[in-house]
Amino acid sequence: MALSRALYFSVLIAALLLIVPSSAVVPHALFIFGDSLVDAGNNDYLVTLSKANSPPYGVDFAFSGGKPTGRFTNGMTIADIMGEALGQKSPAPPYLAPNSSAEMTNNGINYGSGSSGIFDDTGSFYIGRIPLRQQISYFEKTKAQTLEAMGEEAATDFFKKALFVIAAGSNDILEYLSPSVPFFGREKPDPSSFQDALVSNLTFYLKCLIQSSDFRTPNGIPPAVTELNIQRIACSKRDLGSLAPPGFDNALDPCCGGSFPPFLCIGVSNSSSSLCSDRSKYVFWDAFHPTEAANLIVAGKLLDGDAAAASPINVRELFAYEHK
Ligand SMILES: *[C@@H]1O[C@H](CO)[C@@H](O)[C@H](O)[C@H]1NC(C)=O
Ligand SMILES: *[C@@H]1O[C@H](CO)[C@@H](O)[C@H](O)[C@H]1NC(C)=O
Ligand SMILES: *[C@@H]1O[C@H](CO)[C@@H](O)[C@H](O)[C@H]1NC(C)=O
């Protein structure tokens, strides 16, 4: 378990580096894709074992007054933190929420879904989830509706100002590495074939997204991002054992919940007594998901980090990027 968790977290950091460039203007909207690292409640609308809709999930989430929202952490996700740092007043709503299209023009939409992967089959143990392919086709629907509602010129401008965040791949990798979860219907490929297939699928979806967003993309950024992702996955195995960031007491144990399927902090009758004493000192909130405290560190590196943390440029630099 400890080994999987360490790897998982390392992979999460890598996976969030995929950001489609936007214009220099502060965003009106974030469009968020991926897994439980960024899910803001989509899985609450699905029949799935992968849900975070009961206390103490959300206990530190100010926007909900400490009530669960479907986020798989105690507070803000990395996407929430990035949105707030870039001037958003409230987080992008989950796509499946009845209200989501009403809030779209202010905040964007969150398509993320816990237990989903880059591969369609990933997460089938948990039953319901929205694989990345489906998330992108939902975005295409959003885009068509926006074009119709705003007209082409305003819609193009709107999407150019938006930030796109993709946090995907951790479940694919976790399922591949985990001895306890059978690799559904397939023989396990060797690690480098697996990694090539994963990156190739991701690149394919990234291209779909860029095409469907109609951006004028600065030359060179998507290939550089994809290349970086490969390097990061490769090096994450070497990073093991050096993952306790300064300021944290506990880098491996969950603040809440056990290490049994579905690995969540559920069935907790009295949340205060079953939580760790200081949530800001734990890297992990439940067996698989980082605390808000850990998310703040990761988001900070993505926003303002040097090339070792965010490459080819960090999110703030991306924001200031002038379209040529
Ligand atoms: C739906 O949107 C309205 C208007 O933005 C808001 O007042 C209401 O709280 C939203 N409902 C939910 C469940 O988010
Ligand atoms: C996605 O990965 C699968 C292997 O799981 C592979 O057969 C398929 O060709 C890949 N698709 C793309 C577009 O890379
Ligand atoms: C939960 O536990 C705390 C102490 O750990 C106690 O003060 C509180 O009354 C308990 N709440 C419930 C609902 O049992």
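Order of appearance sets the numbers: ligands from 1, and atoms from 1 within every ligand.
For F284 and Y282, the distance between ring centers is not under 6.0 angstrom.
Taking each of S200, C208, A197 in turn, the one with a heavy atom nearest to atom 4 (C) of ligand 2 proves to be A197. In this structure, of D120, T203, N201, the residue bringing a heavy atom nearest to atom 11 (N) of ligand 2 is N201.
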After noting the C-alpha distance and the side-chain angles of D80 and R71, does the key distance pass the salt bridge (Lys or Arg N to Asp or Glu O under 4.0 Å) rule?
CA-CA 10 Å; D80 296 330; R71 284 171 173 75; 2.6 Å; yes
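The ligand atoms of ligand 2 that sit less than 4.0 angstrom from a heavy atom of F204 are 13 (C).
Cation-pi geometry between K188 and Y176 is met: the NZ or CZ atom falls under 6.0 Å from the ring centre, inside 45° of the normal.
Aromatic ring pairs are classed by plane angle as parallel below 30°, tilted from 30° to 60° and perpendicular above 60°; the pair F31 and Y111 is parallel.
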